[in-house]
Structures are given as C-alpha cells and as structure tokens.
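To start, the structure under review is shown below, and the notes come after it.
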Amino acid sequence: MPTLLVPGQAPWMTVPDMIAYLRTTAPRRAYAIHDGLINEWGVKVLEGVLAGEAERLGADIRRLRPGESVEL
C-alpha cells in the first residue's frame with residue numbers, strides 16, 4: 001500500500017494493534033491521525049513507536065504536526 005492514514009489513538013485500539021496493522025499493511029508511508037486527545041507524554045510515546053516502525057520497515061511513518069500537510 002503506498003499511503004496509510006493510521007489512527008494514533010482510539011478507544012478500540014492498543015499500541016500493539018497499531019504496530020501489527022503497520023507491519024501487516026507495510027505502507028511506503030503512513031501518517032498518524034486521530035490523536036487530538038493524547039497529552040504530551042502520549043504524543044512522545046506515539047512518535048517513538050512510529051519512528052521505530054519507520055526504521056524497521058524502511059518507510060516514512062510519522063505523526064503530522066498540527067498544521068503540517070502532505071500530498072496524498
């Protein structure tokens with residue numbers, strides 16, 4: 001899959017679920033969305049997990065900062 005928009009937080013999702021989804025779909029790039037309810041510590045954890053998966057998969061996987069955009 002070329003691009004994936006992955007939930008950064010959801011009441012029905014755990015971090016291991018998000019990691020499994022990224023590994024299963026193996027996108028070339030993925031951006032975390034739906035993270036507005038996460039506090040600053042949660043954002044740091046999310047960014048760390050995404051950076052680890054980006055390195056593991058050799059892909060652009062990250063959280064977009066407020067106001068940042070990408071061409072889909």
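Contact annotation: the side chain of Thr3 approaches that of Tyr31 to within less than 4.5 Å [non-hydrogen atoms, C-beta and beyond]. Under the 4.5 Å side-chain criterion, counting only non-hydrogen atoms from C-beta, Val6 is not in contact with Ile61. Inter-residue side-chain proximity for Arg29 and Leu4 is flagged as unmet; no heavy-atom pair is nearer than 4.5 Å. Here the side chains of Leu46 and Met18 are in contact, with some heavy-atom distance below 4.5 Å. Inter-residue side-chain proximity for Arg62 and Val70 is flagged as met; some heavy-atom pair is nearer than 4.5 Å.
By the criterion of side-chain heavy atoms lying less than 4.5 angstrom apart, applied directly or through intervening Ile, Leu, Val, Met, Phe, Trp or Tyr residues, Leu5 is not grouped with Ile19; the two fall into different hydrophobic clusters. In the hydrophobic cluster analysis, where Ile, Leu, Val, Met, Phe, Trp and Tyr join through side-chain heavy atoms closer than 4.5 angstrom, Trp12 is grouped apart from Leu37.
Salt bridge status for Asp60 with Arg28: absent, with no side-chain N to carboxylate O gap under 4.0 Å. In this structure, Arg65 pairs ionically with Glu47, as a charged nitrogen and a carboxylate oxygen lie closer than 4.0 Å.
With values rounded to the nearest 0.5 angstrom, Arg63 atom CZ is found 7.5 Å from Ile38 atom CD1. Note that CG of Leu64 and CD1 of Ile33 are 9.5 Å apart. Values are rounded to the nearest 0.5 Å. Note that CZ of Arg56 and CG of Leu22 are 10.0 Å apart. Values are rounded to the nearest 0.5 Å. With values rounded to the nearest 0.5 angstrom, Thr14 atom OG1 is found 12.0 Å from Gln9 atom CD.
Annotation for Ala32 and Gly8: closest pair CB-CA, 4.3 Å, computed over non-hydrogen atoms. The minimum heavy-atom distance linking Pro27 with Ala59 is given by the pair O-CB, 3.4 Å.
In this structure, Glu55 places its CD atom where only 12 or fewer heavy-atom neighbours from other residues, nucleotides or ligands lie under 6.0 Å away.
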